[in-house]
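To keep things clear, I will list the structure first and then write my remarks on it.
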Protein chains: 2
Amino acid sequence: MPKMNNKNKIFIDKLRSSGLRPTNQRVEISKFLFNRKKTFHFTVEELKNSMNLKRPKKISTATFYNTVHALKSAGHLKEFSLENNTSCYDTNITSHHHFFDNGRVIDIKSDKITFQKLPEAPKGKKIKNVEVVIRLENNN
Amino acid sequence: MPKMNNKNKIFIDKLRSSGLRPTNQRVEISKFLFNRKKTFHFTVEELKNSMNLKRPKKISTATFYNTVHALKSAGHLKEFSLENNTSCYDTNITSHHHFFDNGRVIDIKSDKITFQKLPEAPKGKKIKNVEVVIRLENNN
DNA sequence: TAACTACTTTATAATTATTCTAAAGTATGT
DNA sequence: ACATACTTTAGAATAATTATAAAGTAGTTA
Ligand SMILES: [Mn+2]
Ligand SMILES: [Mn+2]
Ligand SMILES: [Zn+2]
Ligand SMILES: [Zn+2]
């Protein structure tokens, strides 16, 4: 068996809990996504391009989509739509908000926005979550 | 010249101010969009299907896209992304918020949501707008 | 280890929303 | 009517995503 790299345990666990065997490709993707200090916002295309750029043997598009979807379904990633109608994934799975600054997405911690007034959910419904997008433009 | 139908003036004006000549197809689209009391949220596909359903001579896809884009660029429609990454257009061009209830989009008037706290824009930037999405789910 | 099985990866095809192209149609000004 | 410019349309092209199916790999068993 391949030697169990203990320092990868956390990345492997995210795969396992997503129902995925920790293959080489998947572990590399998981490390690339989660082995960082700051939130990572990415489209699958961006992820694929940046990971494949440096490697001789490319990981296929399908593997990127499959892995990201599984991680998302298991709750290890959040998904939202960018203004050009592509999916953006977010390694910050806590409830939070975003600045949209042209193409760039920036996290806003949940406690930076509080409400004075919020509407009631329509009859028979309840609120699942509340997400705020603050669109930015340049000064002057 | 075709007799100037005065009751269509408002719909024709929206086209003219979007840089479009008021052709038959465009006037019909403009009327379909704006001749209603309540906000209309739609995708181009939905618009095309519902308008073409009843008519013997179909309006082409390109005409729907072109007309909607021109109206949007002129500020007569707003655009946002649905969760399945398709463009949703909104006849309510005032600043407002939305409930997302499964596939359905419902307006929330701007004054129904007020903030206690909002973050500052990053250096060199200012806030263009703030939009809230409240996602709903069924009770129990 | 060999064989068996199940899961993975990949290239490629298919799909969907959208945009582009270019030809044929229509309106407008003279 | 003629010339010109704008429109409509069918169909091709694109881009993001999903599906397919063959070849590869890993885990298990004998
Ligand atoms: Mn998806
Ligand atoms: Mn568009
Ligand atoms: Zn985020
Ligand atoms: Zn609306």
Side-chain angles (χ1 to χ4, degrees), chain A residues 1-5 8 12 14-30 32 41-52 55-74 77 79-89 103, chain B residues 1-5 8 12 14-30 32 41-52 55-74 77 79-89 103:
Chain A
M1 70 200 65
K3 59 174 156 302
M4 174 43 162
N5 206 332
N8 286 345
I12 290 176
K14 287 195 201 286
L15 295 169
R16 287 230 161 84
S17 62
S18 306
L20 299 179
R21 276 194 204 159
T23 60
N24 288 335
Q25 291 95 325
R26 289 168 177 170
V27 173
E28 292 211 40
I29 293 172
S30 184
F32 189 91
H41 296 111
F42 64 93
T43 65
V44 173
E45 250 346 85
E46 287 165 359
L47 173 64
K48 184 183 80 161
N49 291 339
S50 49
M51 284 194 66
N52 276 343
R55 47 175 40 241
K57 184 162 190 325
K58 314 300 184 200
I59 297 173
S60 73
T61 303
T63 294
F64 283 108
Y65 274 100
N66 292 340
T67 305
V68 166
H69 276 160
L71 290 167
K72 150 81 194 318
S73 294
L77 292 171
E79 182 180 9
F80 57 91
S81 287
L82 297 178
E83 301 197 324
N84 57 334
N85 291 341
T86 62
S87 280
C88 184
Y89 294 89
Chain B
M1 73 200 66
K3 59 176 155 305
M4 175 41 163
N5 205 334
N8 287 345
I12 290 176
K14 287 195 201 284
L15 295 169
R16 287 230 161 84
S17 61
S18 307
L20 298 178
R21 277 192 203 160
T23 60
N24 288 334
Q25 291 94 325
R26 289 168 177 169
V27 173
E28 291 212 40
I29 292 172
S30 184
F32 189 91
H41 296 111
F42 63 95
T43 66
V44 174
E45 252 343 85
E46 287 165 0
L47 173 65
K48 185 183 82 162
N49 291 338
S50 49
M51 284 195 67
N52 277 343
R55 46 176 39 243
K57 184 164 189 326
K58 314 300 183 200
I59 298 173
S60 74
T61 303
T63 294
F64 283 108
Y65 274 101
N66 292 340
T67 306
V68 166
H69 276 161
L71 290 167
K72 150 81 194 318
S73 295
L77 291 172
E79 182 182 10
F80 58 88
S81 288
L82 297 178
E83 301 198 324
N84 57 335
N85 291 340
T86 63
S87 280
C88 184
Y89 294 90

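The figures here come from the full heavy-atom set of this structure, side chains too, leaving out hydrogens, waters and symmetry mates. Fair warning: this is a prediction, and the values are worked out from it, not measured in the lab. Order of the sequence lines sets the chain letters (A, B, ...), proteins ahead of strands, with each chain counted from 1.
Atom-to-atom, CG of Leu82(B) to P of dA16(D) comes out at 18 Å; the value is rounded to the nearest Å. Residue Asn52(B) contributes atom CG, which lies 10 Å from atom P of dA10(D) at whole-angstrom precision. Across the protein-nucleic acid pair, Ile29(B) atom CD1 and dT9(D) atom C1' stand 13 Å apart, rounded to whole Å. The NZ atom of Lys58(B) sits 24 Å away from the P atom of dT7(D) (whole-angstrom rounding). Atoms CG (Leu20(B)) and P (dT28(C)) sit 14 Å apart, rounded to a whole Å. The nearest whole Å value for the distance from the CZ atom in Arg26(B) to the C1' atom in dT26(C) is 11 Å. Atom CG in Asn49(A) sits about 13 Å away from atom C1' in dA16(D), given to the nearest Å. Distance OH (Tyr65(A)) to P (dT12(C)): 18 Å, rounded to an integer number of Å.
Taking side-chain N and O atoms only, His69(A) has no distance below 4.0 Å to OP1 or OP2 of dT17(D). Between Thr23(B) and dC6(D) there is no side-chain polar atom (N or O) within less than 4.0 angstrom of OP1 or OP2. OP1 or OP2 of dA17(C) has not a single side-chain nitrogen or oxygen of Asn85(B) nearer than 4.0 Å. Residue Thr61(B) places no side-chain N or O under 4.0 Å from the OP1 or OP2 atom of dA10(D). OP1 or OP2 of dT9(D) has at least one side-chain nitrogen or oxygen of Thr63(B) nearer than 4.0 Å. Checking the phosphate oxygens (OP1, OP2) of dT9(D), a side-chain nitrogen or oxygen of Gln25(B) falls inside 4.0 Å. OP1 or OP2 of dT18(C) has at least one side-chain nitrogen or oxygen of Ser87(B) nearer than 4.0 Å. Remark: Lys57(A) is in phosphate contact with dT10(C), judged by side-chain N or O atoms under 4.0 Å from OP1 or OP2.
Taking Asn52(B) as the reference, nothing meets the side chain to side chain donor-acceptor pair (under 3.5 Å) condition, with sequence neighbours excluded. Scanning for side-chain contact (heavy atoms from CB on, under 4.5 Å) contacts around Ser81(B) gives Ser81(A), Asn85(A), with sequence neighbours left out. With sequence neighbours excluded, the residues forming a ring pair (Phe, Tyr, Trp, His ring centres under 6.0 Å) with Phe80(A) are His98(A), listed by chain and number. Shown here are the side chain to side chain donor-acceptor pair (under 3.5 Å) partners of Thr23(B), two or more places apart in sequence or in another chain: there are none. In this structure, Glu46(A) has no salt bridge (charged side-chain N to carboxylate O under 4.0 Å, His left out) partners at least two apart in sequence or on a different chain.
Nearest to the side-chain atoms of Ser60(A) among the listed nucleotides dT18(C), dT10(C), dT8(D) stands dT10(C).
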Taking N or O atoms only and anything under 3.5 Å, show me the protein contacts with nucleotides 20-25 of chain D, one pair per line.
none

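Of all the heavy atoms in Glu79(A) and Lys72(A), the pair that sits closest is OE1-NZ, 3.0 Å.
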*Decide side chain to side chain contact (heavy atoms under 4.5 Å, CB included) for Leu47(A) and Tyr89(A); before the verdict, give the C-alpha distance in whole Å, the side-chain angles of both, and the deciding distance to 0.1 Å.*
CA-CA 10 Å; Leu47(A) 173 64; Tyr89(A) 294 89; over 6 Å; no
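Between Asn24(B) and Thr86(B), the one whose closest nucleotide on DNA chain C sits nearer the 5' end is Thr86(B).
At a threshold of 4.5 Å between non-hydrogen side-chain atoms, the residues Ser50(A) and Phe42(A) do not count as touching.
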